[in-house]
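Labels below follow one simple rule: chain letters A, B, ... track the order of the sequence lines, proteins then strands, and each chain is numbered from 1.
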Amino acid sequence: MNRSIKLLASATLIGIFSAPAMAQDTASQSTTGSGRIIQPITLTKNSDLAFGTVVRPTTGTNTITIDATTGGISKTGAGDAALAASTSGRATYTVGGEGAQTFAISTPATFNMTSGANSLTVTLASSSATGTISGSLGSAGTATFGVGGSFPVSNTQASGNYTGTFTTTVTYN
Amino acid sequence: MGAYFKRGAALALLAGASTPLLAQTTASQSTTGTTKIVQAITLTKTTDLAFGTVVKPATGANSVVIDATTGARTLTGAGTAALTTSTTSRAAFSVGGEGAQTFSITVPATFNMTSGANSLTVTLTTSAATGTLSGALGAAGTATFGVGGSFPIATTTVSGSYTGTFTTTVTYN
């Protein structure tokens, strides 16, 4: 008899305590926050684009090309232009930045080299459209690429020293 | 036959016992009991908080902000940090529960995102401090809200992938 009264009393106590806990009036969710921090990207030009000396054709036309990957110079077309022995080379660049990150390379499609009032339009080509910086996230890395180009030359092209500039840009993807 | 007689006697006894109660003077009052029963509140996370990739400043300091309402990512401050094209989002939540009920939204003031031994402290913001479930009492309703945040970034911030978690809670008002 005494025992059952105690049991009853404790059951009532439980009821009193659990009632204020209220019927699940809150709900929670865990959420993830994330972000990636990387160091600034840098671009250094190692060499300029040099087509060297070209002898214009006496007949027909040619295209003079510097390969973006190898830097090799070549002549195509049916004209009789000639490549004189001279220093030539592709433009080369070194990219610095966060390891393992990818970047896009952009150059203008064309640029002009001029000599006084005369002009040559050079079509540009890069060794790749994108690159990946060496190493892993958390450390600095590097990457390299090249830019070549081509221009047409005919027997009407004025002789002269032609120069021009273009801008190459790299952007993190 | 004997059994029927006994039952009849018992009925008579009951009637005899209840009659005197009716004879007493009584006073009555109608009393209203009320309660509102609502269904449990639920919280579902739709998207996590993602700051994407941020290029740390070469000079100065910046803050990276994700808007709690629009999810838009912006950069403030005088530093040279940059935002790269990457997937970003505010944290988004869906609340379920009783129609037309209001609830409060709580998040910690800050939480840490870590990358190894390095840490970023994110200050959290919510699109609203409270919300109201759609529909009317008696039907299920829903509501949505968002959580954004910001963290400072300096030239000394260490590169890496940072992650952390925080808990969001909704409570019926």
For B:Val170, is it the side chain, the backbone, both or neither that has a heavy atom under 4.5 Å from a heavy atom of chain A?
both
Count I, L, V, M, F, W, Y as connected when their side-chain heavy atoms are under 4.5 Å apart, and connections chain through other members. Are B:Val95 and B:Leu49 then in the same cluster?
yes
By a 4.5 Å heavy-atom criterion (distance strictly below it), what part of B:Phe103 contacts chain A: side chain, backbone, both, or neither?
neither
So which part of B:Ala82 gets closer than 4.5 Å to some heavy atom of chain A, the side chain, the backbone, both or neither?
neither
Identify whether A:Phe151 and A:Leu124 are in the same connected component of the hydrophobic contact network (ILVMFWY, side-chain heavy atoms under 4.5 Å).
yes
If you define the side chain from C-beta out and look only at heavy atoms, does anything of B:Thr84 sit under 4.5 Å from A:Ile38?
yes
Measuring from atom CG of A:Asn173 to atom OG1 of B:Thr85, what distance do you get when rounded to the nearest 0.5 angstrom?
8.0 Å
Residues forming a side-chain hydrogen bond (donor to acceptor under 3.5 Å, both in side chains) with A:Ser134, sequence neighbours excluded
none
Note: vs chain A, highest number of non-hydrogen pairs under 4.5 angstrom among B:Thr163, B:Thr168, B:Val64 is B:Thr168
Please walk me through it: do A:Tyr172 and B:Thr53 pass side chain to side chain contact (heavy atoms under 4.5 Å, CB included)?
CA-CA 10 Å; A:Tyr172 277 129; B:Thr53 301; over 6 Å; no
Taking side chain as everything from C-beta outward and backbone as N, CA, C, O, which of these in B:Thr88 sits under 4.5 Å from a heavy atom of chain A? Side chain, backbone, both or neither.
neither
Counting heavy-atom pairs under 4.5 Å to chain A, which of B:Ser104, B:Gly52, B:Gly149, B:Ala58 comes out on top?
B:Gly52
Might you point out which heavy atoms bring B:Thr167 and A:Ser28 nearest each other, and give the distance in Å?
CG2-CB, 3.8 Å
Identify which part of B:Leu120 has an atom lying under 4.5 Å from any heavy atom of chain A, answering side chain, backbone, both or neither.
side chain
Measuring from atom OH of B:Tyr162 to atom OG of A:Ser34, what distance do you get when rounded to the nearest 0.5 angstrom?
13.0 Å
Interchain contact, A:Gln39 with chain B, by part (heavy-atom threshold 4.5 Å)
both
Rounded to the nearest 0.5 Å, what separates atom CD1 in B:Ile41 from atom CG in A:Asp25?
8.0 Å
Single-linkage hydrophobic cluster, 4.5 Å side-chain cutoff, A:Leu49 and A:Leu83 together:
yes
Measuring heavy-atom distances to chain A, does B:Thr42 have an atom under 4.5 Å in its side chain, in its backbone, in both, or in neither?
backbone
Assigning hydrophobic clusters by single linkage (Ile, Leu, Val, Met, Phe, Trp, Tyr; side-chain heavy-atom cutoff under 4.5 Å), is B:Leu133 placed with B:Leu137?
yes
Just give me the residue among B:Phe166, B:Phe151, B:Phe93 that pairs up with chain A most often, heavy atom to heavy atom, under 4.5 Å.
B:Phe166
Report which part of B:Ile153 has an atom under 4.5 Å of a heavy atom belonging to chain A: side chain, backbone, both, or neither.
side chain
I need the A:Ile37 CD1 to B:Met113 CE distance, nearest 0.5 Å.
6.5 Å
Salt bridge (charged side-chain N to carboxylate O under 4.0 Å, His left out): which pairs involve residues 37-58 of chain A, sequence neighbours left out?
A:Lys45-A:Asp48
Which atoms form the tightest heavy-atom contact between B:Pro57 and A:Pro40, and what is the distance?
C-CG, 4.4 Å
How many angstroms lie between OG1 in A:Thr31 and CZ in B:Phe111, if you round to the nearest 0.5 Å?
8.5 Å
May I ask whether A:Phe103 and A:Leu43 are part of the same hydrophobic cluster, defined by side-chain heavy atoms of I, L, V, M, F, W, Y residues being less than 4.5 angstrom apart, directly or through others?
yes
Would you name the heavy atoms of B:Thr165 and A:Ser30 that are closest together and state the gap between them?
CB-OG, 3.9 Å
